[in-house]
Structure formats: C-alpha cells, structure tokens
Amino acid sequence: MSGKPVLHYVNARGRMEPIRWLLAAAGVEFEEKFLETKDDLQKLKSDGFLLFQQVPMVEIDGMKMVQSRAILNYIAAKYNLYGKDLKERALIDMYVEGMADLNELIMRSAFQPEDKKKEELANALDKVTSRYFPVFEKVLKDHGQDFLVGNKLSRADVHLLETILMVEEYKPDALAKFPLLQSFKARTSNIPNIKKFLQPGSPRKPPVQEKEIPKLMAIFH
Ligand code: GSN
C-alpha cells in the first residue's frame with residue numbers, strides 16, 4: 001500500500017487520538033475509517049486484519065499495525081520525533097509512559113459507573129498537578145530549553161501539549177502554578193503543523209460526550 005495512512009477506530013479520541021496528534025505534528029495527512037457498530041469491528045476481525053482482535057489499527061507503509069504504542073513508536077521514529085540517540089529516546093520513553101499512565105487514569109474515569117465517576121476524575125486530576133505536571137515543569141526549568149528533550153521537537157512535546165489541553169478541559173486553571181508549562185503550551189501550539197491541527201475542521205476529536213458513551217461501549221464490549 002502506498003499513499004496516506006488509514007486509521008481504523010471509532011469517531012472519538014480514545015486510544016487513537018495520540019496517533020492523530022503525532023501524525024498531524026509530523027505533517028502527515030491521513031484518512032479515517034470510523035467503526036459505527038460492533039459489526040464493523042467484527043468485519044475487521046473476520047477479515048484477519050486485527051492481530052489481537054483490537055483497534056486502533058493503522059494501515060501504513062504496507063502494514064496493518066495494531067497496538068497503539070507500537071504505532072506511535074513507528075511514526076515517531078519514521079518522522080524523526082524520537083530523539084537523536086538511545087539516551088534521548090530513553091528520556092522520551094519515560095516522559096511519554098508517564099503521560100500514558102495519566103491519560104489512562106483520566107480516560108478510565110469517564111467509563112466508570114455514575115457513582116464512581118466524579119471521584120475517579122478528581123483523583124486523576126489531583127495526580128496531574130501533584131505528580132505529573134511538576135515533573136515537566138522541572139525538566140524545562142533545569143535545562144532552560146524550549147522542548148523537553150534535545151532542544152528539538154519530539155513526540156514527548158506533542159503528547160505533553162495534547163495532555164495539557166485535555167486536562168484544561170476538565171480543569172481550566174490546571175497550569176496556574178506552572179509558568180514554564182504555560183509558555184511551553186503557547187510555543188508548541190504555534191508550531192505550524194500543530195496550529196493547523198488545533199483549528200476547527202481538523203481531524204482532532206472533541207471530548208467524549210456522555211450520550212456517546214453507550215454507543216462506544218456497545219461497539220467494544
Ligand atoms: O494500545 C492498544 O492498542 C492495545 N493495548 C489496547 C487496544 C484496545 O483495548 N482496544 C479496544 C478498543 S479501544 N479501548 O480502549 C478494543 O478493540 N476492544 C475490542 C475487543 O474485542 O477487545
């Protein structure tokens with residue numbers, strides 16, 4: 001296969017959104033095929049396209065890639081967003097895995113039963129400001145550079161901006177105590193490929209709406 005990558009997932013953020021972000025930051029155009037029903041997912045499974053019977057799946061460079069981290073690693077390496085050597089890559093991996101944990105906490109809270117939802121979200125957001133954001137504020141402070149690793153845009157910056165904007169949807173003042181993250185946000189939001197992705201009409205997805213949750217659950221469960 002040649003041409004644009006094709007993304008197979010539901011029309012929602014979920015585990016595909018970081019992949020959309022990374023492709024957009026790399027300036028790569030892509031197509032999306034949205035699963036609307038359980039049958040659509042079943043069709044991909046019975047066609048043998050899903051190695052572990054799960055999406056995200058991305059058709060790229062003749063492969064049908066699954067496992068969102070593997071997909072992100074491939075895109076990051078291919079588009080030079082993964083550091084210049086093993087040590088930079090190790091740092092990027094640590095930062096990105098921290099953000100993945102944080103995203104998982106927040107994403108999971110939306111799918112909890114009603115009585116648990118608020119508490120789970122509050123706990124997740126508390127961890128953002130007590131554990132995760134201080135780490136990135138300190139990284140920027142200690143080296144005094146514009147980007148997290150190697151003085152150059154990497155996937156860690158892309159995922160951090162995505163995370164900041166997502167957290168601010170829940171907690172608009174989340175950056176109040178993090179001045180360097182505020183300037184990081186302003187700076188990275190202005191990188192042309194990213195700026196374009198942040199504008200209306202881009203493939204960026206909105207936060208999941210309450211009313212969409214049953215439909216998403218029906219596809220995946
Ligand atoms: O990151 C990944 O791609 C995998 N480690 C997890 C993929 C995954 O959990 N996929 C779900 C939907 S996305 N939800 O979180 C999935 O395809 N579930 C359907 C099924 O039959 O397992």
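For this chain, numbers begin at 1 and follow the sequence in order. Order of listing sets the numbers, starting from 1, for every ligand and every atom in it.
On a distance-only criterion, Ser68 and ligand 1 share at least one N/O pair closer than 3.5 Å. Residue Leu41 has no N or O atom closer than 3.5 Å to an N or O atom of ligand 1.
The proximity of Phe52 to ligand 1, defined as any non-hydrogen pair under 4.0 Å, does not occur for either the backbone or the side chain. Contacts between Lys45 and ligand 1, counted as non-hydrogen atom pairs separated by less than 4.0 Å, involve the side chain only.
The nearest heavy-atom contact from the protein to atom 14 (N) of ligand 1 is Arg15 NE, 3.5 Å. Given atom 13 (S) of ligand 1, the protein heavy atom at minimum distance is Tyr9 OH, 3.3 Å. Here the heavy atom of the protein found nearest to atom 18 (N) of ligand 1 is Phe220 CD2, 3.8 Å. The protein heavy atom nearest to atom 5 (N) of ligand 1 is Gln67 OE1, 2.7 Å.
The minimum heavy-atom distance between Met16 and Pro56, with the atom names listed, is CE-CB, 3.8 Å.
Between Glu169 and Arg13 there is a salt bridge, with a side-chain nitrogen of the basic residue lying less than 4.0 Å from a carboxylate oxygen of the acidic one. For the pair Lys205 and Glu17, the salt-bridge criterion is not met [side-chain N within less than 4.0 Å of a carboxylate O]. With respect to the salt-bridge test (charged N to carboxylate O, under 4.0 angstrom), the residues Glu114 and Lys117 qualify. A salt bridge does not link Asp93 with Arg89: every distance from a Lys NZ or Arg NE/NH1/NH2 to an Asp or Glu carboxylate oxygen is 4.0 Å or more.
Selection from Gln54, Gln53, Arg69 by nearest heavy atom to atom 9 (O) of ligand 1 gives Gln54.
Less than 4.0 angstrom separates some heavy atom of Pro56 from each of these atoms of ligand 1: 3 (O). Atom numbering of ligand 1 starts at 1 in the shown order; those under 4.0 Å from a heavy atom of Val55 are 7 (C), 8 (C), 10 (N), 11 (C), 12 (C), 13 (S), 16 (C), 17 (O).
Annotation: Tyr95 is in aromatic contact with Phe136 [ring centroid separation under 6.0 Å].
Taking the centre and axis of the six-membered ring of Phe49, the NZ or CZ atom of Lys64 falls inside the cone set by 45° and 6.0 Å.
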Give the C-alpha distance, both sets of side-chain angles, the deciding distance and a yes or no for salt bridge (charged side-chain N to carboxylate O under 4.0 Å, His left out) between Arg15 and Glu104. CA-CA 9 Å; Arg15 293 184 199 281; Glu104 192 78 26; 3.3 Å; yes
